[in-house]
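In this text the structure is predicted, and so the values were computed from the model without any measurement. We count ligands from 1, going down the list as the structure has it; atoms in each ligand are counted the same way. Residue numbers run from 1 in the order of the sequence given. Computation of the quantities below employed the complete heavy-atom set of this structure, encompassing side-chain atoms and omitting hydrogens, waters and symmetry-equivalent molecules.
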Amino acid sequence: MVSEFDLIANYFTRPTRHTKLGVGDDAALISPAHGMELAISVDMLVAGTHFFHDTDAYNLGWKSLAVNVSDMAAMGANPKWTTLAIALPEINELWLSEFSRGFFACAEAFNIDLIGGDTTRGPLTISVQIMGEIPTGKAIKRSGAEAGDDIWVSGTLGSPALALAHLQGKVAIAESALPACLDALHTPMPRTALGLSLRDIANSCIDISDGLLADLGHILEASNLGAQLNLDQLPCHDFLRERLGDPAFQQYPLAGGDDYELVFTAPESQREKISQLSKQLNLPLSLIGETTKYLGLKVNYKNKTLAISKRGFDHFG
Ligand code: ADP
Ligand code: MG
C-alpha cells in the first residue's frame, strides 16, 4: 500500500526556485521581494461540476493550475507560488502521475513553485491556490475603467465553448478546426506576459472564464459604466467567424466562457503602445468596442443591435 506521504513525495514534490521552505513542513515559507505586494487567489474544481469524471488527467493537471495563473495575469501579477489541495476517491498511480505531469508542465511554463497542499480521500476535487507579486499599488482592478475607454481582448474567443458543445454532440466542428478548439478547451494558455505589460497601459482588466459578456459585465459594474461591442470585431477561429451571422453560433464568443483570454480597457491614447505590444508578444489584441457613461451593454452586428438579457446572451431570433 502506498501511503499518503509516498504520494506527496512521488507526485507533488519538486525542487523549488524562489521558496525558502516548500513541501514537507507544517507550513511553507516565502518572502515577497521588497516593494512588492502579494496577489492571492483560489479556485475549486469539482468532478462532475467543473470537469467530466473521465477528463484526461494530464489536461486536468495543466488546466487546474492554468485557470489560477490566468487570475494572476488579469491583475497584472507575476505568479510565483501555488498550493494544491486534492481529494481523491482512490489511489490510482497512473492517474496521479499524469495529473502531476500536467500540473508541473504548467508550473514550469510559468516559473511557479508548488510549495504545499493537502491530500485526502473523497470525491475527486481539486483546489488550487496561487500567489503572485505586484509592485505595490500597481494591480489592475475591475473598477478602474473610464467612460470612452477602448475595450480590447487577447487571442481568440469561443473555441473552448465550441469544443465543449462538439464533445456533447451539440455541434459538429470541421475536422480541420477541431484540434485548435480542443487544445483551447483542454490546455488554455494564460496571458501572463500580457498582464504584466498592461500594468502601465490598462485602466481595468479581467480574465474571461464565464464568457465575455458576463466578465466584461463585472468590469462595467465595478466601474459604473456601460459599453458597446461589435460582434464583427470579435477575434474567432475561422470556423466560427464564418458562422457568426448565425444566431446559434453568436453565443460561443459572447457567452461561451472558458476562454482564459484577457479583456481590458485602456484610453485611446494607448492604441499605438497596444499594437506594438501585440507584435512583441506575438499575440493578437483586438479592439472590440468602447465603454460608455450610459449603463447597459449593447452588442452590434452589421449595424444591427442584438438583444442581450441581463443574465447573458439571448438569441435575438
Ligand atoms: P499536516 O498534517 O501537517 O497538514 P500533511 O501530512 O497534510 O501535513 O502534509 C505534509 C506536507 O506535504 C506539507 O508540507 C503539505 O503542505 C504537503 N502536501 C500535502 N499534500 C500536498 C499536495 N497535494 N501538493 C503539495 N504538497 C502537499
Ligand atoms: Mg494536512
ask   = Between Asp259 and Gly158, is there a donor-acceptor pair closer than 3.5 Å when you use the side chain of the first and the backbone of the second?
value = yes
inquiry  = I need the contact type for Thr13 against ligand 1. Using non-hydrogen atoms and a strict under-4.0 Å cut-off, is it side chain, backbone, both or neither?
reply    =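 It is neither part, as no heavy atom is under 4.0 Å.
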key: Region of Ile8 that comes within reach of ligand 1 [heavy atoms, distance under 4.0 Å]   =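 The answer is the side chain of Ile8.
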inquiry  = According to side-chain hydrogen bond (donor to acceptor under 3.5 Å, both in side chains), does anything in residues 161-177 pair up with another residue at least two apart or in another chain? List the pairs.
reply    =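 Residue pairs passing side-chain hydrogen bond (donor to acceptor under 3.5 Å, both in side chains), neighbours aside: Gln168-Lys170.
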Could you list the atoms of ligand 1 found under 4.0 angstrom from a heavy atom of [X]?
X	value
Phe5	6 (O)
Gly24	11 (C), 13 (C), 14 (O)
Thr119	19 (C), 20 (N), 21 (C), 22 (C), 23 (N)
Asp25	13 (C), 14 (O)
Phe12	22 (C), 23 (N), 24 (N), 25 (C)

remark   = From the list Ser209, Ser154, Ser286, side chain to side chain donor-acceptor pair (under 3.5 Å) with Glu261 holds only for Ser154
Over all atoms of both residues, closest heavy-atom pair of Ser70 and Tyr260 = OG-CD2, 3.7 Å
inquiry  = Could you work out, with side chain to side chain donor-acceptor pair (under 3.5 Å) as the rule, every residue matching Thr82, not counting sequence neighbours?
reply    = none
message = Is it true that Thr265 and Ser204 share a donor-acceptor pair across their side chains at a distance under 3.5 Å?
response =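 Per modelled atom types, Ser204 and Thr265 side chains form a pair under 3.5 Å.
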